[in-house]
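Take a look at the structure below.
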Amino acid sequence: MPPEDEHAFFGHPRGLATLFMTEMWERFSFYGMRSLLVLFLAVPVDQGGIGLDTVTAASVYSVYNSLIYMLAIPGGWIADRLWGARRAVLIGGLIIMGGHFALAVPLSALFWCGLLLIAAGTGLLKPNVSAIVGQLYHEDDARRDGGFTIFYMAINIGSFFAPLVIGTVGQNVSWHLGFSLAGVGMAFGLVQYVLGRKHLGRAGELPGRPAEPAVRRRVLRLAGFWAGAAAVFFTVDALLDRFSVHQVVNILGVIGIALPAWYFTRLRRDRELTVLERSRMSAFMWFFIAAAIFWMIYDQSGSTLSQFANESTDLSIFGFHFPSSWFNSVNPLFIIALAPVFAWLWQWLTLRRRNPSSPVKFAVGLILIGASFGLMGLAELAASGGELVSPLWLVGVYFVQTVAELTLSPVGLSLTTKLAPVKYISQMLGLWFLATATGDAVAGWTTQLQRVVSADAYFYLQGALAALCGVAIWLAASRIRRLMGAVN
């Protein structure tokens, strides 16, 4: 049920401000850590790092991102069936904070444990804070898309400042001190969330479909079995000296593709779903595939693009030298500037009945993200002689990616809350974030192409794939809209 103070925050529910600040600090912590991760993984062991080669570091980065979003599925289930979204967000934030502080300890074992804690906590927090945003509005509230766009700005305000603060400290002072600042950021977010929960009304307070005790016990047994099986498998591998990072990359790559296929099939076979709900879920799969391809490319901003910035880009402007991690602030800066423009544009077009359909917006996003990697291929050509290229190359790539993101990501987040059956809203948001997991899992494999093709060809191939898929979505737009029913 939406809260009573419906117009207290720039014409939106007051609770949106609470969720805005919580998400902003959580993203500050996550993107600050992320701006250092792929670089730290490649730091030699004798210098305090992990000591991976750059291609392997990029693969690990991708599958780690994939793991984070895979865990959004159990995170959504826990909220829907056990705790409610509100409690899941709180507990998830506490786990994330603990993970960042674990990274701050200069021990390799604690570093990997910290990454697992952050992944688990993010799986609880990320889908459920978005679910609460959707529950602040009535289903037919015209402000919903605008509310999600405002919420999306919180993500980018946090991610803009994170590399400037955490990235600078991590690269110039101490890697582990940078990681500890990420933990402090999450602590600020938790304080804001606890103090502002009174403005959320009943949104996210109760699970949508509480699980019966027998269901809880069955799920707990299954979770324990698979966790135990994984622990035994990797322990035996380690004892036999067969364990490798590439093995983890391959396993998570397979899971990243198989899991959404299984999960979507299971949800759609629910006999309680109406014909319309099944049709909408079929439409959702089109958006899922498009989003997976989009994130396969987009999320390489923290891996292959960060490595390009660190190794092949001139890091000086007018005599001012800056850390390579600062490039991670370019995209959020563009979003902060352009998100209000897009929010206004969608509403302006809606009033004139000219707003493009969601399939068309997704198609444009895919074509643009493909074009960004085409531009990146040209940047690699410019750097092929060993020269440091102008930072404007990466700025141009990030600008194109930002426009692509604003046509796809906030639209998809809002669309998921409208296409989802009421009983599965948190789990469908988990499935939406699983598209990112699938894209990142595939990216864990595609980064290996850098070993067999030229640097520019690496970007051209992926850019062409995304653009072709965008054209396919455009051509299928009418069919997808029929599956969506009255949802646009």
Side-chain angles (χ1 to χ4, degrees), residues 24-54 56-58 60-61 64-65 93 96-119 121-122 155-191 301-333 388 391 394-395 398:
M24 184 190 77
W25 282 113
E26 187 275 328
R27 292 291 88 181
F28 174 87
S29 70
F30 178 76
Y31 281 101
M33 180 277 292
R34 199 179 86 154
S35 70
L36 299 175
L37 181 57
V38 75
L39 303 177
F40 179 72
L41 288 171
V43 172
V45 175
D46 58 5
Q47 297 178 24
I50 303 300
L52 303 180
D53 65 84
T54 55
T56 302
V60 170
Y61 171 91
Y64 174 66
N65 274 340
I96 290 169
M97 182 177 66
H100 285 300
F101 286 131
L103 297 184
V105 181
L107 293 174
S108 178
L110 274 181
F111 175 82
W112 296 112
C113 288
L115 290 182
L116 290 175
L117 285 174
I118 295 169
T122 305
I155 297 172
N156 292 284
I157 291 173
S159 57
F160 168 72
F161 286 106
L164 302 181
V165 178
I166 296 172
T168 300
V169 172
Q171 285 192 274
N172 294 345
V173 181
S174 164
W175 296 103
H176 297 287
L177 181 58
F179 292 137
S180 70
L181 289 178
V184 172
M186 189 65 253
F188 286 151
L190 287 170
V191 170
S301 61
S303 55
T304 53
L305 269 62
S306 286
Q307 291 170 339
F308 181 85
N310 198 49
E311 300 168 3
S312 303
T313 304
D314 184 359
L315 300 177
S316 297
I317 297 180
F318 303 118
F320 173 74
H321 187 80
F322 56 92
S324 61
S325 58
W326 281 23
F327 277 104
N328 288 276
S329 291
V330 175
N331 168 259
L333 178 63
L388 296 179
L394 280 175
V395 171
Y398 283 126

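Basis for what follows: all heavy atoms, side chains included, without hydrogens, waters or symmetry-related copies.
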If I take atom [atom1] from residue [X] and atom [atom2] from residue [Y], how far apart are they, to the nearest 0.5 angstrom?
X	Y	atom1	atom2	value
S180	M33	OG	CE	13.5 Å
L115	L37	CG	CG	6.0 Å
S159	L164	OG	CG	10.0 Å
W112	L117	CH2	CG	14.0 Å
L181	H100	CG	NE2	11.0 Å
N172	L177	CG	CG	11.5 Å

According to ring-ring contact (aromatic ring centres under 6.0 Å, His included), who are the partners of [X], at least two apart in sequence or on a separate chain?
X	result
F322	F327
F101	none
F188	W25

Applying side chain to side chain contact (heavy atoms under 4.5 Å, CB included), name anything that partners [X], two or more places apart in sequence or on another chain.
X	value
V45	none
A102	none
T54	Q307, E311

Report summary line: When every non-hydrogen atom of N156 is compared with those of P332, the smallest separation belongs to O-CB, 3.1 Å

**Report entry** Derivation and outcome, side chain to side chain contact (heavy atoms under 4.5 Å, CB included), residues I166 and Y31
**Finding:** CA-CA 9 Å; I166 296 172; Y31 281 101; over 6 Å; no

Side-chain donor or acceptor of [X] paired with backbone N/O of [Y] under 3.5 Å:
X	Y	result
T122	I96	no
H321	L315	yes
S35	G302	no

Requested in this report: Take the angle between the ring planes of F40 and H176 and call it parallel below 30°, perpendicular above 60°, tilted in between.
Outcome: perpendicular

Query raised in the report: Got S301 and N331 here, is their nearest side-chain heavy-atom distance under 4.5 Å?
Result: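 SC-SC contact between S301 and N331 ruled out.
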
Query raised in the report: Do S306 and N328 have side-chain heavy atoms sitting under 4.5 Å apart?
Result: yes

Set of residues satisfying side-chain hydrogen bond (donor to acceptor under 3.5 Å, both in side chains) with respect to [X], sequence neighbours excluded:
X	value
T168	W326
S174	none
S325	Q171
T304	Q300

Requested in this report: In sequence, state the C-alpha distance, the side-chain angles, and the governing distance for V330 and L394, and then conclude on side chain to side chain contact (heavy atoms under 4.5 Å, CB included).
Outcome: CA-CA 9 Å; V330 175; L394 280 175; over 6 Å; no

Query - Sequence neighbours excluded - salt bridge (charged side-chain N to carboxylate O under 4.0 Å, His left out) pairs with any residue from residues 44-54 - result: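 Sorted result for residues 44-54: D53-R451.
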
Query raised in the report: Could you walk me through whether L103 and I118 pass the side chain to side chain contact (heavy atoms under 4.5 Å, CB included) check?
Result: CA-CA 10 Å; L103 297 184; I118 295 169; 3.7 Å; yes

Query raised in the report: Do L333 and Y398 pass the side chain to side chain contact (heavy atoms under 4.5 Å, CB included) test, and can you show the C-alpha distance, the side-chain angles, and the key distance before you say yes or no?
Result: CA-CA 10 Å; L333 178 63; Y398 283 126; over 6 Å; no

Report task. With sequence neighbours left out, write down each residue that passes salt bridge (Lys or Arg N to Asp or Glu O under 4.0 Å) with R34, or none if nothing qualifies. Result ->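 Salt bridge (Lys or Arg N to Asp or Glu O under 4.0 Å) check on R34 returns D299.
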
